[in-house]
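Values in this document were obtained by computation on a predicted structure and should not be read as measured data. By convention here, the first residue in the shown sequence is residue 1.
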Amino acid sequence: MTDREYRVGVVGAGMVGRRLVAVLEQTGFPMSELRIMATSARRQEIAGKEREVIETTEDAFDGLDIALFAGTEGESGASRLFGWKAVERGVLVIDNGNDFRMDERVPLVIPEVNADAMGEHQGFIANPNCSTIQMVMALAPLHRRAGLKRVVVSTYQAVSGTGRAGVRALEQQRRAAAEGGEFEFGPYPCAIYDNCIPQVGSLKDEVPGYYSEEIKMIQETRKILGCPDLAVSATCVRAPVSNSHSEAINAEFERPLSPEEARDILGKAEGVVVVDEPAESRYPLAADATGVDPVFVGRIRRDPSEPNALDMWCVADNLRKGAALNTVQIAWEAVRRGLV
Ligand SMILES: NC(=O)c1ccc[n+]([C@@H]2O[C@H](COP(=O)([O-])OP(=O)(O)OC[C@H]3O[C@@H](n4cnc5c(N)ncnc54)[C@H](OP(=O)(O)O)[C@@H]3O)[C@@H](O)[C@H]2O)c1
């Protein structure tokens, strides 16, 4: 390891940006400077302290070694406006958003699964989608043993995955339901309170009938595992849960794999914790996963309709392993590999 300290930028001070700062500090990332940027300059409480936030401009990246991006996706988002400009200034960019995940120049990395992909980086590394990260954390160790053939997943995703606007919408609707008043739908097409919405993202031509979060899960899983033809189907559902995503995963393998073997493999996998005592009603729960690092897997059982398939339940904090923690782990891995 190195004695060097790094000048680190965090772009975005929302749900993910604030946690990036917290995880950098909690993991003792060696920093000589921490520069926090957003759309406007101000002082803001972040990770327990009031801090200076500066306006994001091209010049604001001068002198940085690494920049962790969590500044909204799309045309007006930070990654498209400033990501590659920062790379031109010699900064290693690690991006949370969707804009460049499938770009051939950009490695898409879960450090426990495919850290070697970072070796080919061109200054820009992407963090996968939160739902993809936790599913692939559960599937990759089993894939290594038995070869994945097909994956069918249904998600139950927390409102924090929509950012501040999603959290505010659920809180407002909870209050309105208790005290009376109109529901404000916020970023959703209908009420999220007392409801499940089978739409995460928007429709895309690439896979007719599927919303963008489902397409991300299909395409990103193939890229991370290096299996371009892997059969994957996803139904992504927004649930009235504040934080942590849950997933029901059905995985079919090329070779036989018993639930006992799967439990043993996942019990030894880095970053995964098995909670699987169904007779005691012990299984992973969103409320237990919030604020902690592991991906929890349970309800591991043989699919009675297909001998080489298993069903399982997978839960993780979408803001930590699904976003900030994975990003900071990539930064640590870049330091370890001398890439920065
Ligand atoms: N939430 C999750 O579970 C999750 C998981 C994985 C990945 N992600 C991705 O992470 C990114 C951030 O998500 P979030 O949940 O933190 O969103 P958020 O709570 O809505 O916060 C967005 C932040 O981005 C800043 N921002 C927006 N446009 C910017 C620009 N052009 N330049 C600089 N900063 C800009 C905003 O600045 P102001 O504060 O000044 O408005 C705000 O601080 C998104 O791309 C999202 O898709 C989120």
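T27 places a side-chain N or O within 3.5 Å of a backbone atom of V23 that can act as its donor or acceptor partner. Judged by distance alone, the side chain of E220 and the main-chain N or O of N129 form a donor-acceptor pair under 3.5 Å. No side-chain donor-acceptor contact under 3.5 Å links E33 to the backbone of V8. Here the side chain of S233 pairs no donor or acceptor atom with the backbone of V152 at under 3.5 angstrom. For N326 (side chain) and V109 (main-chain N/O), a donor-acceptor pair under 3.5 Å exists by modelled atom type. A distance-only check finds no donor-acceptor pair linking the side chain of R299 to the backbone of D276 [under 3.5 Å]. Proximity of a side-chain donor or acceptor of K321 to a complementary backbone N or O of V292 within less than 3.5 Å is not detected. For the pair D99 (side chain) and G74 (backbone), a donor-acceptor distance under 3.5 Å is present.
The only option from V275, V274, D317 that meets the side chain to side chain contact (heavy atoms under 4.5 Å, CB included) definition with F296 turns out to be V275. Results of the side chain to side chain contact (heavy atoms under 4.5 Å, CB included) test with I125 over V106, L92, I66 single out L92 as the only residue that passes.
With 3.5 Å as the limit, one finds a donor-acceptor pair spanning the side chains of Q329 and E112. Using modelled atom types, one finds a donor on one side chain and an acceptor on the other under 3.5 Å when comparing N318 with S160. Between T39 and E55, the side chains place no donor N or O within less than 3.5 Å of an acceptor N or O (distance only, hydrogens not considered). Between the side chains of E206 and Q219, at least one donor N or O lies within less than 3.5 Å of an accepting N or O. A side-chain donor from one of D95 and S79 sits under 3.5 Å from a side-chain acceptor of the other. For the residue pair S244 and T290, a side-chain donor N or O sits within less than 3.5 Å of a side-chain acceptor on the partner.
Once rounded to the nearest 0.5 Å, the distance linking CG of N98 with CG of N127 reads 11.5 Å. Separation of atoms CD1 (I46) and CZ (R19) is listed at 11.5 Å; rounding is to 0.5 Å. Here the CG-CD distance, from N308 to E252, works out to 7.0 Å after rounding to the nearest 0.5 Å. Between atom CD of residue E261 and atom CG of residue L310 there is a gap of 9.5 Å, rounded to the nearest 0.5 Å. Note that OH of Y210 is 16.0 Å distant from OG of S202, once rounded to the nearest 0.5 Å. Between atom NE2 of residue H245 and atom SG of residue C236 there is a gap of 8.5 Å, rounded to the nearest 0.5 Å.
Comment: K204 does not engage E214 in a salt bridge, judged by the lack of any side-chain N to carboxylate O separation of less than 4.0 angstrom. Between R222 and D229 no salt bridge is recorded (no basic side-chain N to carboxylate O distance below 4.0 Å). Between E333 and R337 there is a salt bridge, with a side-chain nitrogen of the basic residue lying less than 4.0 Å from a carboxylate oxygen of the acidic one. Ion pairing between a basic and an acidic side chain is recognised when a charged N comes within 4.0 Å of a carboxylate O; K216 and E213 show such pairing. The residues E280 and R282 are annotated as not salt-bridged, no charged nitrogen and carboxylate oxygen being separated by less than 4.0 angstrom.
No close placement of the F82 and F124 rings is indicated, their centers lying 6.0 Å or farther apart.
In this structure, W332 and F29 have perpendicular ring planes: the angle between them is above 60°, well past the 30° mark.
Within the 4.5 Å cutoff, the side chain of P240 has no heavy atoms near those of the V159 side chain. R80 has its side chain out of reach of E73: every pair of non-hydrogen atoms, C-beta onward, lies at least 4.5 Å apart. Between Y6 and P30 the shortest side-chain heavy-atom distance falls below 4.5 Å. The shortest distance between side-chain heavy atoms of F61 and D59 does not fall below 4.5 Å. A 4.5 Å side-chain heavy-atom check between L148 and L139 finds at least one atom pair inside the cut-off. For the pair I300/L266, a side-chain contact is recorded, criterion being any heavy-atom separation below 4.5 Å from C-beta on.
No continuous path of ILVMFWY side-chain contacts below 4.5 Å connects L34 to V91, so the two sit in separate hydrophobic clusters. By the criterion of side-chain heavy atoms lying less than 4.5 angstrom apart, applied directly or through intervening Ile, Leu, Val, Met, Phe, Trp or Tyr residues, L20 is not grouped with I133; the two fall into different hydrophobic clusters. Hydrophobic clustering (side-chain heavy atoms under 4.5 Å, transitive across Ile, Leu, Val, Met, Phe, Trp, Tyr) groups I249 together with V113.
Environment of CZ in R51: crowded, with over 12 heavy atoms of neighbouring residues, nucleotides or ligands closer than 6.0 Å. Heavy atoms of other residues, nucleotides or ligands lying less than 6.0 angstrom from CD of E260 number more than 12.
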Derivation of the salt bridge (Lys or Arg N to Asp or Glu O under 4.0 Å) call for R302 and D311: CA-CA 6 Å; R302 197 184 295 282; D311 278 299; over 6 Å; no
R145 and L257: CA distance, side-chain angles, deciding distance, side chain to side chain contact (heavy atoms under 4.5 Å, CB included) verdict: CA-CA 8 Å; R145 173 72 64 92; L257 182 70; 4.0 Å; yes
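G123 and V87 get closest at one heavy-atom pair: O-CG2, 3.3 Å. The two residues P187 and A165 make their nearest non-hydrogen contact at CD-O, 3.5 Å. In this structure, V200 and Y211 approach most closely via the heavy-atom pair O-CB, 3.4 Å.
Applying the side chain to side chain donor-acceptor pair (under 3.5 Å) definition to pairs two or more places apart or across chains, those involving residues 175-201 are T162-Y188.
Every residue two or more places apart in sequence or in another chain that forms a side-chain contact (heavy atoms from CB on, under 4.5 Å) with E50 is listed here: R43.
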